[in-house]
There are 2 protein chains.
Amino acid sequence: MESSGGIRERVEDYLAAIYRLRGGPELPLSLTALGEYFGFSPVSIHEMILKLSQQGWIHYYPYRGVTLSAQGEAVALALLRRHRLWERFLTDMLDVPWAEAHEIAGALEHAAPESVTERLSTLLGDPVSCPHGVPIPPSKRTYIDTCLRQVPVGARGRVTRIAPESGDVLRDVQAWGLLPGCQITVIEQQAAEIVVQVEERLVSIPLESANVIWIEVL
Amino acid sequence: MESSGGIRERVEDYLAAIYRLRGGPELPLSLTALGEYFGFSPVSIHEMILKLSQQGWIHYYPYRGVTLSAQGEAVALALLRRHRLWERFLTDMLDVPWAEAHEIAGALEHAAPESVTERLSTLLGDPVSCPHGVPIPPSKRTYIDTCLRQVPVGARGRVTRIAPESGDVLRDVQAWGLLPGCQITVIEQQAAEIVVQVEERLVSIPLESANVIWIEVL
DNA sequence: AAAAATTATAAGGTACACCTTATAAAAATT
DNA sequence: AATTTTTATAAGGTGTACCTTATAATTTTT
Ligand SMILES: [Mn+2]
Ligand SMILES: [Mn+2]
Ligand SMILES: [Mn+2]
Ligand SMILES: [Mn+2]
């Protein structure tokens, strides 16, 4: 229901706001500027900043401001990319007025996973700027992957990643010879497992494990 | 930021779930069935049901279950329409796998306003069923309107509604002769007001009022 | 009618992200 | 150096929507 426990919406919005408002990567952004942007009280901003700092998304220099950590910047860029792609979709394909698109994209950016937004980028012809002229940050991943559980029978693909990682699954994946990069074909979908072909071998994968194996369908 | 105070996401999800799970309009749906659907504890479901009942979205018959009020059913149908249109978009235009589309649409359905979803319906050719074969409830409104504030200079249109309503604005709207149904042309956008032509007259509308006047651009 | 099962309610708790008021600390200005 | 302004922190509160444990009321089954 609730998007399965990724990064919270507010966290993403704060990180992207810091990216948008800051003067440069090393210039701390004052909490006052953030407070004005969001229209929240200084105390609330401060509270949230402490949390973001504890969680490693930002660096907080009291009385000076905040900068993004490497992790935080990655999240901000990913969000801004999704934001601007949705803006393009709204204005280019749905004829939503320019001024409205920004606000609506502010919600859509959190509602669709990155994989969907990458497909959207393809549909739009991989635009490089939003309707307001701002550059769209490039995608980091060069592939689009799908959870093995969702790959239709008969499809060929490449294992891209095991995520979320857990020791048990990683051991199984290794035993099955399903390491990232290897090519597979989905042979059969059963009630409790999925049969895939890896090179000459057939492997039966419990659905639970299939949930964390990601495939780029080729 | 947070979509300006409409119906809360959870309220919409509960109402649509009741619609989906019920046997018929008059057959009460047991709280147990709802609890199983959401995976929440019986106490939590009960708590939420009391709130929804107090707010008039549902009728609660203790020990028997809940039915939707007329209002509640309208919300459920609107949400299911948005849900199924987004599913169609995901599968038809983005090639998102069938099984994934449902879950993603479960978030998108709340993120885009009805007006945007109606434009999406047009783009998709007004489909009548979702990718899983379920009928898409029809749209109640036959027009798509835009807030006057967003209508570009030069556009012609028809006043559709004043919303949200407030006594002061309604009086002004009447004085200006801008009642629903009348035709207007946007003449000029200034810092604090918008000038529109109504028949032979020019009217200056403060931006504040322009926010609650809705126009079907023709 | 009694026992068992289901459903409701009471009581207390959690996380999140906002709020206000008051005080303390640091920085900037005079 | 003293004053003013800005920024931080402490303390207490709100609403939403979940949780558990325990008890009460009702319905269903025996
Ligand atoms: Mn946002
Ligand atoms: Mn933009
Ligand atoms: Mn939903
Ligand atoms: Mn469907």
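Just so we're on the same page: letters track the sequence lines, and every chain starts at 1.
One finds a side-chain N or O of B:S44 lying less than 4.0 angstrom from the OP1 or OP2 phosphate oxygen of D:dC19. Between A:H46 and the phosphate of D:dT9, there is a side-chain N or O to OP1/OP2 separation shorter than 4.0 Å. Side-chain nitrogen and oxygen atoms of B:R8 include none within less than 4.0 Å of the OP1 or OP2 phosphate oxygen of D:dT16.
Taking a pair to require two hydrogen-bonding distances under 3.5 Å in either a Watson-Crick or a G-U wobble arrangement, D:dT14 pairs with C:dA17. In this structure, D:dT30 forms a base pair with C:dA1, meeting either the Watson-Crick or the G-U wobble geometry with both donor-acceptor distances under 3.5 Å.
As a whole-Å value, the separation of A:L31 CG from D:dA8 C1' is 9 Å. We find that CE of A:M48 is positioned 9 Å from C1' of C:dC16, with the value rounded to whole Å. Rounded to an integer number of Å, the gap from CD1 of B:I45 to C1' of C:dT6 is 16 Å. Here the C1' atom of nucleotide C:dA17 and the CD atom of A:E9 are 12 Å apart, to the nearest Å. Whole-Å rounding puts the B:F40 CZ to D:dT20 C1' distance at 16 Å. The nearest whole Å value for the distance from the CG atom in A:L15 to the P atom in C:dA17 is 12 Å. Regarding B:I7, its CD1 atom lies at a distance of 16 Å from the C1' atom of D:dT16, rounded to whole Å. Counting to the nearest Å, the P atom of C:dT7 and the CD atom of B:E47 are 18 Å from each other.
Taking all atoms of both residues into account, the shortest heavy-atom contact from A:R81 to A:P137 is NH1-O, 2.9 Å. Heavy-atom minimum distance, A:A101 versus A:T91: CB-CG2, 3.7 Å. The two residues B:R149 and B:L207 make their nearest non-hydrogen contact at NH2-CD1, 3.6 Å. Nearest heavy atom pair, residue A:I205 against residue A:S209, reads CG2-CB, 3.8 Å.
The residue A:Y61 sits apart from the nucleic acid: no heavy atom pair falls under 4.0 Å. A:T32 comes within 4.0 angstrom of the backbone, heavy atoms only, and of no base. No contact: B:G35 has no heavy atom under 4.0 Å from any strand.
Under a 3.5 Å cut-off, the side chain of B:S121 and the backbone N or O of B:T117 do not form any donor-acceptor pair. Checked by atom type and distance alone, the side chain of A:S30 never pairs as donor or acceptor with a backbone atom of A:G65 at under 3.5 Å.
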Give me, pair by pair, the N or O atoms of the protein and of nucleotides 25-30 of chain C that are less than 3.5 Å apart, along with how far apart they are.
unit_1: C:dA26; atom_1: O4'; unit_2: A:Y63; atom_2: OH; d: 3.3

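Checking D:dC19, C:dT9, D:dA8 against the side-chain heavy atoms of B:S41 singles out D:dC19 as nearest. Of the listed nucleotides (C:dA8, C:dA11, C:dC16), C:dC16 has the atom at the smallest distance from the side chain of A:K51. Closest contact between the side chain of A:L50 and the listed nucleotides D:dT9, D:dA17, C:dC16 involves D:dT9.
No side-chain heavy atom of B:L52 sits under 4.5 Å from any side-chain heavy atom of B:V66. Annotation: side chain of A:L85 is in contact with side chain of A:P127 (closest heavy-atom distance under 4.5 Å).
Nearer to the 5' terminus of DNA chain C, by closest-nucleotide assignment, is the contact made by B:G65 (compared with the other of A:G39 and B:G65).
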